[in-house]
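Just below is one structure, and these are the notes that go with it.
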Number of protein chains: 2
Amino acid sequence: MLPSSTVENYLKAIYLGEGHLADDQRLVPMGQLASALGVAPGTATTMVKALAESGLVEYEPYNGVRLSAAGEKLAALVLRRHRLIELFLVRVMGLGWDEVHDEAEQLEHHVSDRLIERIDEMLGRPEVDPHGDPIPKADGHVARHEFDTLLTCPLGERVTVTRVTDQEAPFLRFIEQHNLMPGESIEVEARDEVSDSVRLKGRSDQRITIGMRAASKVRVSASDASSRG
Amino acid sequence: MLPSSTVENYLKAIYLGEGHLADDQRLVPMGQLASALGVAPGTATTMVKALAESGLVEYEPYNGVRLSAAGEKLAALVLRRHRLIELFLVRVMGLGWDEVHDEAEQLEHHVSDRLIERIDEMLGRPEVDPHGDPIPKADGHVARHEFDTLLTCPLGERVTVTRVTDQEAPFLRFIEQHNLMPGESIEVEARDEVSDSVRLKGRSDQRITIGMRAASKVRVSASDASSRG
DNA sequence: TGAATAATTTTGACTATCCAAAATTAAATC
DNA sequence: GATTTAATTTTGGATAGTCAAAATTATTCA
Ligand SMILES: [Mn+2]
Ligand SMILES: [Mn+2]
Ligand SMILES: [Mn+2]
Ligand SMILES: [Mn+2]
């Protein structure tokens, strides 16, 4: 009865897919799901129908799929394992933040509850992973902070990077090389629609200009008093 | 082309099964293999024929199966991962030596070469796992020490426990509770065929009497100068 | 050496997961 | 509103791994 790694991957992909959507209409389209998982569309359809049978998702033909309460809890626990493992690999094993995602993608399905509890304890019950993604609690509850991106935050004010929402290694290495990792204090100097670019002032007034697509993947919060690492 | 965890488990079971046998006639019978893996006999037959197709084993119908050179190397690498993981879980994560085997049984298939290298480095290139089992090198080479068991070692001489060849948690807990773990210095006082028992003098002259079956699972070496932790 | 027993292999069938291509439905466009 | 396009589902088929039970081969033992 325990879910296979395939099932866990589907649930997680739906969970993450739902994130992009509004609170009411949170149906993930089949096409998006299939491409997120790297399977053919028909495969996703078949699989989702099976998941619906076992009560983990609700499926609306031609519209998409959403998680049931049970499915959402399971997905959150997979994500918890994933993110705790990522942080563990960076902090304890000394791996780079750009190489832990793929490793966690495998291990998240094969680590026992007992070991996860050990890791959580050893890391001091952390709230976020190396990319700033929140770590769900053991009961499946997730703290959902809403942050601005570099596209929506105020201009000319110091802000702190809180989260980088792209797991691709080359992007993460770029972020690291330019001191834009979570915790860094930066400022958006200007945005230009025409050139599709955003100009930043980074650590020690270092200037960088990045594209808007990239800018939308960096989340920030106001750099004043109230914050939690 | 990379082997599935099922294939890895078969190769490892054959490798370990061969251990019991003499150097010439090292064919593992199908029945033993099937029961080691917890599958039906017919399943093992089918699977072994497939392994033979891909050149990982040599299969003699009605006689049994042995590893090819390629299969032996693969098996040794799986065992390397298994044992490094066990030691890591005990030394770094603080798990008990009686609970790491099952965890390692899963993780051995899903940990990357990179992470294994990190673990090996972090542990200081260890030679043996928490049970005293030798850890194969990255090239597949294994140091095969031959040790006496408590059934064959000299009577009335101090010896050092080097290895405990049973992974069952209750047995390991028994060993631990009576200070018979690898590294402990003990002495066999007497053996009695009739009562099927072996009397030991343990740490601080503590006396224990165990059965011969159990005694055969504890390996020891002479307690004098030359030894390697 | 012939029958009884034990080990092994074969057969037929099942589940989970996947793909390619055809068929269908929905959305967009004229 | 009819037609083209895009998304989705269906169909037919494949692979890996498994089991139960029947058939076969080997072994034991009288
Ligand atoms: Mn995964
Ligand atoms: Mn992450
Ligand atoms: Mn295993
Ligand atoms: Mn071991």
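Residue numbering restarts at 1 for every chain, and letters A, B, ... go by the order of the sequence lines.
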Run the side-chain donor-acceptor check on residues 50-57 of chain B: report pairs under 3.5 Å with partners two or more places apart or on a different chain.
| residue | atom | partner | partner atom | Å |
| --- | --- | --- | --- | --- |
| B:Ser54 | OG | B:Ala50 | O | 3.1 |
| B:Ser54 | OG | B:Leu51 | O | 3.2 |

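- When the side-chain hydrogen bond (donor to acceptor under 3.5 Å, both in side chains) test is applied to B:Thr152, the partners found at least two apart in sequence or on another chain are B:Asp148.
- Among residues two or more places apart in sequence or in another chain, the side-chain contact (heavy atoms from CB on, under 4.5 Å) test is passed with A:Ser216 by A:Leu151.
- The side-chain contact (heavy atoms from CB on, under 4.5 Å) with A:Val65 is formed by just one residue from the set A:Glu18, A:Gln32, A:Met30; it is A:Met30.
- Evaluation of the side-chain hydrogen bond (donor to acceptor under 3.5 Å, both in side chains) rule for A:Ser197 yields A:Ser195 as partners, not counting sequence neighbours.
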N/O contacts under 3.5 Å, protein versus nucleotides 15-17 of chain C?
| residue | atom | partner | partner atom | Å |
| --- | --- | --- | --- | --- |
| C:dT17 | OP1 | A:Ser4 | OG | 2.6 |

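- Every residue meeting the side-chain contact (heavy atoms from CB on, under 4.5 Å) condition with B:Leu155, not counting sequence neighbours, appears here in chain and number order: B:Val188, B:Arg191.
- Atoms CD (B:Glu8) and C1' (D:dG17) sit 15 Å apart, rounded to a whole Å.
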Going by atom type alone, with no hydrogens or angles, which donor-acceptor pairs under 3.5 Å involve a side-chain atom of residues 129-138 of chain A and a protein atom two or more places apart or on another chain?
| residue | atom | partner | partner atom | Å |
| --- | --- | --- | --- | --- |
| A:Asp129 | OD1 | A:His131 | N | 2.7 |
| A:Asp129 | OD1 | A:Gly132 | N | 3.1 |
| A:Asp129 | OD1 | A:Asp133 | N | 3.0 |
| A:His131 | ND1 | A:Glu86 | OE1 | 3.0 |
| A:His131 | NE2 | A:Trp97 | O | 3.2 |
| A:Asp133 | OD1 | A:Arg163 | NE | 2.8 |
| A:Asp133 | OD1 | A:Arg163 | NH2 | 3.4 |
| A:Asp133 | OD2 | A:Gln167 | NE2 | 3.4 |

Could you pull out every donor-acceptor pair under 3.5 Å between side chains of residues 36-47 of chain B and any protein atom, sequence neighbours left out?
| residue | atom | partner | partner atom | Å |
| --- | --- | --- | --- | --- |
| B:Thr45 | OG1 | B:Pro41 | O | 3.3 |
| B:Thr46 | OG1 | B:Gly42 | O | 2.9 |

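- Distances shown here put every side-chain N or O of A:Lys49 at or beyond 4.0 Å from the OP1 or OP2 atom of D:dT9.
- Only A:Tyr62, listed by number, bring a heavy atom of residues 51-63 of chain A to less than 4.0 angstrom from any atom of DNA chain C.
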